[in-house]
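So the structure is just underneath, and the comments pick up after that.
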Amino acid sequence: MSVFGVLTGGGDCPGLNAAIRAIVRGLDARGHEAVGIRTGWRGLVVPDVMPLTRRSVGGILPRGGTVLSTTGFDPFREEGGLDALLATTEKLGLQGVIAIGGEGTLGVAHRLHEQHAYHVVGVPKTIDNDLGGTDVTIGFDTAVHVCTEAIDRLHTTAESHQRVMVVEVMGRNTGWIAVASGVAGGADVILVPELPTPIEDAADHVLARNREGKTFSIVVVAEGYPLTRRSGEQAGPVLQGEDVYGYARLGGIGQVVADEITRMTGFETRVSVLGHVQRGGTPTSRDRFVATQLGLRAVELANEGVWGRMVGIHGNQVVDSSLAAATAERRAVPEELLEAIRLVA
Ligand code: F6P
């Protein structure tokens, strides 16, 4: 019998509880114990931990958020953070930690493993779907589902009022949510950071639709889209501020795009910023399923003492890759996909 820690770090998303449940039950089935580390890596510094048992995780599967709470706390950026984290790990007798997180949380996991031979396995989560080493991250499917439903709803009101509806979705510096929900919701224009369509082309598309008798349009814009002009002139992404470590917080491009479209077409526009609604509420069945598969695979690795890896999904297979490779660079929407979706807009 060994004791393993489980934590969730960074932004929350639907499906985290499904992963926690799978990990706790997977460990239990192998005769191990689980300790819940609260508030991400911070919980190993403070410390802030709670017991997790097969029984106590009953009923959390369909719940959004995380029963462990979460923060983006980075022990490498906090005075005495690293030493405290290592000391708590030892004091609790943890054989290893299963860290469920995105770029930041798994970046810490990678550094801990590389620099301190820390026993850690990563599980990828983020609504942004931008991690390497996996085709899909926990939370993405639910976010896409929420956005698609919003686009469907906006269609009916756009049509009634003959307006252009601009929908701003999250995704940080990638356009996965915009592309997936825009395609699923039949958006007329999809603006993403990876291949930024000039705003004049977007306005022309709206005008062309109008000439064909379509007196409304839906424009989906990813929060990371930089306003781009045909001249090649490009503004930076619109920022709301920064987080405690100085990382940019994006938001506000929807209004900028709407103003430009009104100016260029003369049509009435309205903006909907979906915001944290995309991260809240009950996970889709797909997110619950993926979270369970990934959680169970993480337990297998921990049980075998295979550290410094991140579990993932490739095709229909559950795989694992090094944390180094998985966190090396942000996974952008591929160009061929962006080219292909132009054909259906
Ligand atoms: O990474 C997930 C995400 O929801 C991004 O899409 C978004 O830019 C950011 O987190 C928002 O962060 P916060 O919850 O700190 O406002």
Side-chain angles (χ1 to χ4, degrees), residues 7-17 19 39-42 64-66 68-74 77 99-109 122-134 136-148 150-151 167-182 190-194 220-226 236-257 271-281 283-284 287 290-291 310 326-327 329-333:
L7 65 81
T8 51
D12 76 335
C13 66
L16 290 175
N17 286 326
T39 65
W41 290 114
R42 177 183 169 277
T66 163
L68 292 174
S69 300
T70 184
T71 67
F73 183 97
D74 182 343
R77 285 168 172 256
I100 311 167
E103 206 181 357
T105 306
L106 298 185
V108 169
V123 177
K125 73 81 220 176
T126 165
I127 62 165
D128 304 337
N129 203 36
D130 60 353
L131 278 169
T134 187
V136 67
T137 54
I138 298 169
F140 175 61
D141 189 63
T142 308
V144 171
H145 183 78
V146 170
C147 295
T148 304
I151 295 168
V167 192
E168 179 182 318
V169 302
M170 284 184 166
R172 229 180 268 271
N173 298 104
T174 60
W176 284 104
I177 299 175
V179 166
S181 64
I190 302 174
L191 301 172
V192 294
E194 287 90 338
V220 175
V221 57
E223 62 181 0
Y225 166 77
V238 181
L239 306 181
Q240 277 195 341
E242 44 187 46
D243 71 9
V244 284
Y245 296 124
Y247 292 116
R249 285 179 49 234
L250 302 173
I253 185 66
Q255 190 61 56
V256 175
V257 165
V271 184
S272 295
V273 181
L274 300 186
H276 291 79
V277 168
Q278 293 161 88
R279 293 218 317 241
T284 58
D287 264 330
V290 164
M310 186 194 84
T327 56
E329 59 187 43
R330 197 169 281 138
R331 194 172 62 98
V333 181

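Note that ligands are numbered from 1 as they come in the structure, with each ligand's atoms numbered from 1 the same way.
- Closest to atom 8 (O) of ligand 1, if we only count protein heavy atoms, is E223 OE2, 2.5 Å.
- At a 4.0 Å heavy-atom cut-off, ligand 1 does not touch L250 at all.
- Remark: minimum distance from atom 9 (C) of ligand 1 to any protein heavy atom is reached at R172 NH2, 3.6 Å.
- When atom types are taken as modelled, the side chain of T137 and the backbone of T126 share a donor-acceptor pair closer than 3.5 angstrom.
- Looking only at distances, a side-chain donor or acceptor of E168 sits under 3.5 Å from a matching main-chain atom of G252.
- Annotation: atom 12 (O) of ligand 1 to nearest protein heavy atom, R279 NH1, 3.7 Å.
- In this structure, the side chain of R331 engages the main chain of L131 through a donor-acceptor pair within 3.5 Å.
- At least one heavy atom of H276 sits closer than 4.0 Å to an atom of ligand 1.
- Of the protein's non-hydrogen atoms, D128 OD1, 2.7 Å is the one closest to atom 6 (O) of ligand 1.
- Counting non-hydrogen atoms of neighbouring residues, nucleotides and ligands closer than 6.0 angstrom, the OH atom of Y245 exceeds 12 such neighbours.
- Side-chain atoms of K125 do not come within 3.5 Å of backbone N or O of P14 as any donor-acceptor pair.
- The shortest N or O to N or O distance between G171 and ligand 1 is below 3.5 Å.
- Distance check on atom 15 (O) of ligand 1: every protein heavy atom falls at or beyond the 4.0 Å cut-off.
- Considering only heavy atoms from C-beta on, N129 stays 4.5 Å or farther from V333 through its side chain.
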